[in-house]
Amino acid sequence: MEGKIIDGREISRLVKEEVKVGVDRLKAKGMTPGLAVILVGEDPASSAYVGSKERTTKALGMHSEVIRLSSETSEADLLAEIGRLNGDPAIHGILVQLPLPEQIDEQRIIAAIHPDKDVDGFHPVNAGRLMAGMEGFVPCTPLGIMVMLERRGVDLNGKHAVVVGRSNIVGKPMAMLLLHANATVTICHSKTADLPSITRQADVLIAAVGREGMIGREHVKEDAVVIDVGINRGEDGKLHGDVDFDSVLPVASAITPVPGGVGPMTIAMLMSNTLKSAERAFREER
């Protein structure tokens with residue numbers, strides 16, 4: 001059974017090692033990649049995520065700037081801060097930690113980040129680039145999943161991939177990446193009728209709905225690859241995925257655990273995107 005588990009921590013460690021080599025190479029040429037993270041308010045989960053990103057950025061030798069703003073911050077003040085960072089040549093990636101307080105329009109904030117510094121991959125320009133198969137920044141979680149599948153040796157060519165979830169952050173970009181890899185893709189969601197009949201067709205099943213244990217044994221065909229994006233705090237106080245891990249493990253050919261699966265890949269790909277942005281800036285300066 002151990003061989004079935006896709007170890008996101010180990011793959012993310014390897015990705016970060018590769019990023020560190022790239023950072024050192026760029027620093028030797030006189031440029032230090034820089035990532036700015038803006039946190040509005042004091043949500044404990046958001047603060048923990050930001051702290052993790054800051055530690056990882058520094059560990060890889062990048063310049064890290066964390067801007068902490070009060071929960072009363074106005075949309076205009078936040079837009080002004082983003083404008084400052086857009087014009088700062090030392091910053092190659094800008095990330096605004098979500099969710100934002102209710103007085104701030106999330107979409108307006110995302111759209112204010114320069115597309116070439118949008119290392120989260122949420123800007124409409126980058127979404128359009130992904131749709132069109134053009135180079136741009138891809139949201140970190142689906143990008144990390146693609147890296148996991150590649151390093152696990154999963155051949156997507158001609159396979160049927162089913163994505164459960166249609167968010168702009170995971171579901172939709174995940175489907176586009178799978179299409180670009182020549183998979184046949186089905187997207188399911190909360191209104192899908194007879195969900196198990198569709199998910200059982202999947203060679204690769206990706207669950208990204210945010211409902212603990214929603215995907216059970218009846219949803220998975222024999223030898224499917226199962227990727228669990230869900231992070232849900234259970235009544236036991238522990239983290240659980242969207243997949244009922246214990247019931248699905250015996251039938252899957254490979255599966256990601258929660259925690260220790262997709263989660264670590266998200267920050268690793270954020271670092272990779274920031275390095276990519278800095279490398280592009282370096283080329284444009286020369």
I'd like to know whether [atom1] of [X] has more than 12 heavy-atom contacts from other residues, nucleotides or ligands below 6.0 angstrom.
X    : atom1 : result
E285 : CD    : yes
E222 : CD    : yes
R211 : CZ    : no
E150 : CD    : no
R108 : CZ    : no
Y49  : OH    : no

SB check [X] [Y] (cutoff 4.0 Å):
X    : Y    : answer
E10  : R13  : yes
R84  : E81  : yes
E18  : R151 : yes
R68  : E54  : yes
K159 : D155 : no
D116 : R280 : yes

For [X] and [Y], indicate whether the former's side chain and the latter's backbone hold a donor-acceptor pair under 3.5 Å.
X    : Y    : value
E218 : S197 : no
S253 : D223 : yes
S12  : M265 : no
T192 : H189 : yes
N182 : G158 : no
N126 : G136 : no
N232 : G234 : no
N86  : H114 : yes
K4   : L249 : yes
D228 : D242 : yes

Looking only at heavy atoms, what is the nearest atom pair of [X] and [Y], with distance?
X    : Y    : value
A208 : V170 : CB-CG1, 3.7 Å
A36  : I67  : CB-CD1, 4.3 Å
N273 : V119 : ND2-O, 2.9 Å
P33  : A278 : CB-CB, 3.7 Å
A207 : I215 : CB-CG1, 3.9 Å
S167 : P173 : O-CD, 3.7 Å

Is [Y] close to [X] at the side-chain level, that is, under 4.5 Å between some pair of heavy atoms?
X    : Y    : result
K29  : M31  : no
R9   : P259 : yes
K191 : R166 : yes
F122 : I113 : no
L130 : L177 : yes
L60  : T274 : no

Interatomic spacing from [atom1] in [X] to [atom2] in [Y] - rounded to 0.5 Å:
X    : Y    : atom1 : atom2 : result
D120 : Q97  : CG    : CD    : 8.0 Å
T141 : I267 : OG1   : CD1   : 10.0 Å
L143 : M148 : CG    : CE    : 12.0 Å
T266 : K53  : OG1   : NZ    : 8.5 Å
F282 : R25  : CZ    : CZ    : 11.5 Å
S277 : L35  : OG    : CG    : 9.5 Å

Exercise. Would E75 and I109 satisfy side chain to side chain contact (heavy atoms under 4.5 Å, CB included), going step by step from the backbone distance to the final call?
Worked result: CA-CA 8 Å; E75 185 175 284; I109 296 305; 4.2 Å; yes
Does [X] belong to the same Ile/Leu/Val/Met/Phe/Trp/Tyr cluster as [Y], with side-chain heavy atoms less than 4.5 Å apart forming each link?
X    : Y    : value
M176 : I145 : yes
L205 : I5   : yes
V50  : I169 : yes
I231 : V226 : no
V258 : I6   : no

Exercise. So M62 and M271, side chain to side chain contact (heavy atoms under 4.5 Å, CB included) or not? Walk me through it.
Worked result: CA-CA 9 Å; M62 298 187 191; M271 300 299 117; 4.2 Å; yes
Exercise. When you look at D236 and H240, which way does the side chain to side chain donor-acceptor pair (under 3.5 Å) test go after all the steps?
Worked result: CA-CA 10 Å; D236 58 2; H240 300 271; 2.9 Å; yes
Exercise. Hey, mind stepping through V162 and C188 against side chain to side chain contact (heavy atoms under 4.5 Å, CB included) and telling me if it holds?
Worked result: CA-CA 7 Å; V162 175; C188 300; 3.8 Å; yes
Exercise. What pairs with A161 under side-chain contact (heavy atoms from CB on, under 4.5 Å), at least two apart in sequence or on another chain?
Worked result: L178, A183, V204
For this session: Given side chain to side chain contact (heavy atoms under 4.5 Å, CB included), test E212 with R233 step by step and report yes or no.
Result: CA-CA 8 Å; E212 180 183 344; R233 184 71 65 179; over 6 Å; no
